[in-house]
Amino acid sequence: MTTDTASERRAQPQRYDPLAIEPKWRARWEADDLYRTPDDDPRPKWYALTMLPYTSGDLHIGHWFAMAPSDAAARYKRMTGYNVLFPMGFDAFGLPAENAAIKNKTHPAEWTAKNVEHMRGQLKLMGAMFDWSREVVTADPEFYKWTQWWFLQLLKHGLAYKKKAAVWWCPKDQTVLANEQVVDGKCERCETVVAKRELEQWFFRITNYADELLDTSKMQWPDQVNLMQRNWIGRSTGAHLTFGLDIPGVAEDEITVFTTRPDTVFGVSFFVLAPEHPLVAQITTAEQREAVRAYVDAAGKTSEIDRMSTEREKTGVFTGAYVTNKFNGQKVQVWIADYVLATYGTGAVMGVPGHDQRDFDFAKKFGLPIVPVFQHPDWDGGELTAALPHGGVMINSGPLDGTPDEVAVETAIKYAEEKGYGKGAVTYRLRDWLISRQRMWGAPIPIIYCDDHGAVPVPESDLPVELPADAEFRPTGESPLTYHEGFLNTKCPTCGKPAKRETDTLDTFMCSSWYQMRYIDPHNGERPFSRELAQKWLPVDQYTGGAEHAVMHLLYTRFFTKAARDMGIIEYDEPMVRLFNQGQILGPDGQRMSKSRGNVVAPDSQVERWGTDTFRAYLMFLGPWEQGGPYDASGITGIYRWLSRAWNAATADVPTASQPDVPATRELRRWTHKTIKRVTEDIEGFRFNTLIAALMEFTNELIRIRESGATVDADAWREAVESLALMLAPPCPHIAEELWEQLGKPYSVHTQTWPTYSADLARDDEVEIAVQVNGKVRDRLKLPLDAPEDTAREQGMASTAVTQHIEGKEVVRVIYVPNRLLNIIVKG
RNA sequence: GCCGAAGUGGCGGAAUGGCAGACGCGACGGUCUCAAAAACCGUUGGGCUUCACGGCCCGUGUGGGUUCGACUCCCACCUUCGGCACCA
């Protein structure tokens, strides 16, 4: 834009020219620091947050889809009297940076920094009210120093521990693979068949908080997210029961199972261990050793998703060993089968084919006995074709025979406890959070291994443990930290003797579990954030982001918050009070946008062609925000036309008079107030699509009034166009600012107060109702608002269109819904 | 497979127990133009019927149910999307 063309435009009748006005206002806002959020503002605070983008390299349409409506909502809050914090940053650690490093022979830091630079520029095109002075980059040592600090706090408070856990291992590349790097059971790089391998890894005790995480009463989140988290946590009540083991040379004399059906224990006809169960190797007999080993190997190559499938035919191998069911003294065979997971319960199940479908399928396949232990009312005593559901009374259960289903579980637990065979227990599907990653591009776990002192935490004063700048990536994907001598070798903080650093890094979900806290005090060098600022800003009032994060990220950040509260770092219970999950935007072909599919629509190209405001509004207009869907650029012209019309309506001269047309003025006021009402309610409810539609209708009405030639009251017209500019401010910040200026109002539209409506002015005087006969619309009536039933009935019955259908028939009932319809029910 | 969500004109969608299709795209017809584009105006769910005004029937993934009335509530099913713990 040059000043020449700008002044020419000014002199001529002005057309909507977004490419001229948008950069102008963005530069002005930045120069004025319009979006700097002060910490000492007396207005009530509002912390609005949208999930930070991963530094993939290019800002995606999906980012705009997530952030532009979020920005509109934040702007609206600001206009309703809040001091709004709306920060932005970058999630910068992760696997793609390492892949790029291997491919381009660069350091991931270089790739990441370049992407941050580029994406920040792209984000600025959005014209959002981000306070850039608070930007955080999670791969920056200034930030990850504190991610490491969090690890140390959790360790100090007994919430971090080490244990063995399985990872995908590529035997050729000698490296750990992520789930997504395993394609059809093979390494994506070299196509070698991969298998699980056990490594010592760090965990956080999220299961300590399982019950509290089930409590969603202190937040207002969508039901489906709460439900998904509830199912993910998967609290099951039942019992731990012990089975006797008597095998020469094996130290253990029992194995414990978890079961939700201790009442079926007399129906146990076999016993199954997960192939990974630690006792498998010890109890297997010599004859079965080869078969068991082969099965364990095969199970190590199968993904958990496949193993959990109830459709897959059951497989398993007899170990040759037996356990004793203490309840009836019976000895049953011990099998291993991959439908039993080592990560759930105790990794062992009692096989009750009469009452569990998976056990039933297993017993059928391997010819194991099926003994029902409930006389279910629907069961005739014949051979079963499926496991029996709950119901009936206990049979074949010795001392417990005759116990009804309703009290069977508690009775069985009581009996087990009395006899010392087991006790009531609760188990969760949720597992402790594995945070070790055998990767370079993450925050190093601040631990030093000393021969004398074991795993010693790095002293807080030595943080950050920085990643080496000269890391060299091998094409295998092996972490360079494992062979970087300078990084590896250090001294034990306790004794000063030579020691080795932990080479694993922290899961990137750790960064995103606390980043919202860092925004409130991003430059603090002493602490992750100050207590005073935490008091002022936290928790987040409104969080928005993709539904794909409904469980993991959102559960992890809730855990962090609760742990931080218990460690005395913060004083609230939930990280985000309100949550809204927007849907995912897809390519025009309905597939996920990706370079390999060639269906990527770049937001920059849309902005260059139509301007930021048009693109923002189009994304909002596409449909319900929570749904997402394919992006089809062809409809965007409609938004551009609308903004042009809005521009024309707001800038045009309209016939006004001191003796205005009263009905036309009334109509204009009604439209203005009705629209404010609709738009206010829509933005409060994140219904951006209908918000835009309401503004379109309002714009069309303004143009209709102008072209009708009616002379309207000058104040009413001014109120209408000023309201239009104010309501455009959240979705379309640039055109709103320009129109506001052209209307002669003081800078800036974004610091104005949101318009309010009068319910009286918004109300319709007259409504049209449907008149139905037996539910079919036969006529329509114009009635005064809230007309009494008598009026409606009288006029409805008088209509010839109606009498045609009720003539000669008996009116049995009349239903009147004021302002909606009159339904006449006739018979005969 | 399990958990969560969604299916409405040619397309995106609106209406969450009360007139299905708001708003927009596209298409068709028109105005302007030498022409085209842009802009503007009109029509636009399907079928039958009427010279016309109009009228009638069908229609919200499929099948059943509740109700005076169902896109909306209930049951079963189908399809698509998100998540399933090392992609972020």
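To find a chain, count down the sequence lines: A is the first, B the second, and so on, and within it residues start at 1.
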* Asked: Which is true for Asn700(A) with a 4.0 Å heavy-atom rule: it touches a base, it touches only sugar-phosphate, or it touches nothing?
  -> sugar-phosphate

* Asked: Closer to the 5' end of RNA chain B via nearest nucleotide, is it Asn689(A) or Arg813(A)?
  -> Asn689(A)

* To do: With heavy atoms under 4.0 Å as the rule, sort Pro624(A) into base, sugar-phosphate or nothing.
  => sugar-phosphate

* To do: Just call it for Arg429(A): base, sugar-phosphate, or nothing, with non-hydrogen atoms closer than 4.0 Å on any strand.
  => base

* Asked: Starting at the 5' end of RNA chain B and moving along, which residue's nearest nucleotide shows up first, Gly623(A) or Met552(A)?
  -> Gly623(A)

* **Counterpart base for rG82(B), defined by Watson-Crick or G-U wobble contacts under 3.5 Å** => rC3(B)

* When we call it a touch if two heavy atoms are under 4.0 Å apart, what does His805(A) touch: a base, just sugar-phosphate, or nothing? -> sugar-phosphate

* Any luck finding a side-chain donor-acceptor pair between Arg778(A) and Gln804(A) under 3.5 Å? -> no

* Asked: Using the C1' atom in both, what is the distance from rA20(B) to rU60(B), to the nearest Å?
  -> 8 Å

* Pick base, sugar-phosphate or nothing for Leu430(A), based on heavy-atom distances below 4.0 Å to the nucleic acid. => base

* What is the nucleic acid contact for Glu98(A), judged by heavy atoms within less than 4.0 Å: base, sugar-phosphate only, or nothing? -> nothing

* Asked: Taking the C1' atom of each, how far is rU33(B) from rA39(B), in whole Å?
  -> 12 Å

* How would you label the contact of Glu304(A) with the nucleic acid (heavy atoms, under 4.0 Å): base, sugar-phosphate, or nothing? -> nothing

* To do: With C1' as the reference atom in both, quote the distance from rG10(B) to rC84(B) in angstrom, rounded to an integer.
  => 38 Å

* So what does Leu227(A) touch, heavy atoms closer than 4.0 Å: a base, only the sugar-phosphate, or nothing? -> sugar-phosphate

* Asked: Reckon Leu622(A) touches a base, only the sugar-phosphate, or nothing at all at heavy-atom distances under 4.0 Å?
  -> sugar-phosphate

* To do: Scan Ile305(A) against the nucleic acid and name what it touches under 4.0 Å (heavy atoms): base, sugar-phosphate only, or nothing.
  => base

* Asked: Going by the angle between their ring planes, with limits at 30° and 60°, are Tyr161(A) and Phe203(A) parallel, tilted or perpendicular?
  -> parallel

* To do: In whole angstrom, give me the gap between the C1' atoms of rU31(B) and rG13(B).
  => 30 Å

* Reading RNA chain B 5' to 3', which nucleotide is the first, and which the last, to come under 4.0 Å of any heavy atom in chain A? -> rG1(B) to rA88(B)

* Structure fact -> Regarding rG59(B), purine or pyrimidine glycosidic angle vs 90° from 0 gives anti

* To do: Please state the P separation for the pair rC23(B) and rA15(B) - nearest whole angstrom.
  => 13 Å

* Distance between C1' atoms of rG18(B) and rG61(B) (Å, rounded) -> 24 Å

* Write down the partner of rG24(B) under the Watson-Crick or G-U wobble criteria, each distance required to be under 3.5 Å. => rC11(B)

* To do: Taking atom types as modelled, find out whether Thr147(A) and Trp514(A) have a side-chain donor-acceptor pair closer than 3.5 angstrom.
  => yes

* Donor-acceptor pair between Glu502(A) and Trp202(A) side chains, under 3.5 angstrom -> yes

* Euclidean distance for C1', rU67(B) against rC73(B) (whole angstrom) -> 10 Å

* To do: Name the pairing partner of rG45(B), where a pair is Watson-Crick or G-U wobble with both distances under 3.5 Å, or state none.
  => rC58(B)

* To do: Would you classify Val814(A) as touching base, sugar-phosphate or nothing, given that sugar-phosphate means primed atoms plus P, OP1 and OP2, and contacts are heavy atoms under 4.0 Å?
  => nothing

* Asked: Do Gln516(A) and Thr557(A) have side-chain N/O donor and acceptor atoms under 3.5 Å apart?
  -> yes

* To do: Would you mind checking if Lys163(A) and Asp432(A) are paired as a salt bridge, meaning a charged N to carboxylate O distance below 4.0 Å?
  => no

* Asked: Phe621(A) near the nucleic acid: base, sugar-phosphate alone, or nothing, with a heavy-atom cut-off under 4.0 Å?
  -> base

* Inter-nucleotide C1' distance (rU16(B), rG54(B)), Å rounded -> 34 Å

* Asked: Counting only Watson-Crick or G-U wobble pairs whose two distances fall under 3.5 Å, which nucleotide matches rA36(B)?
  -> none

* Asked: Are the aromatic rings of Tyr144(A) and Phe93(A) close, with centres under 6.0 Å apart?
  -> yes

* Which part of the nucleic acid, if any, lies within reach of Arg439(A) when heavy atoms closer than 4.0 Å are counted: base, sugar-phosphate only, or nothing? -> base

* To do: Could you check which nucleotide pairs with rC53(B) in any of the strands shown, counting Watson-Crick or G-U wobble with both distances under 3.5 Å?
  => none

* Quick one: do Asp359(A) and Tyr339(A) satisfy side-chain hydrogen bond (donor to acceptor under 3.5 Å, both in side chains)? Show the steps, please. => CA-CA 10 Å; Asp359(A) 296 345; Tyr339(A) 78 96; 2.9 Å; yes

* **Sugar-phosphate only, base, or nothing, as touched by Ser436(A) at under 4.0 Å among non-hydrogen atoms** => base

* **Interatomic distance, Arg704(A) atom CZ to Thr699(A) atom OG1 [nearest 0.5 angstrom]** => 13.5 Å

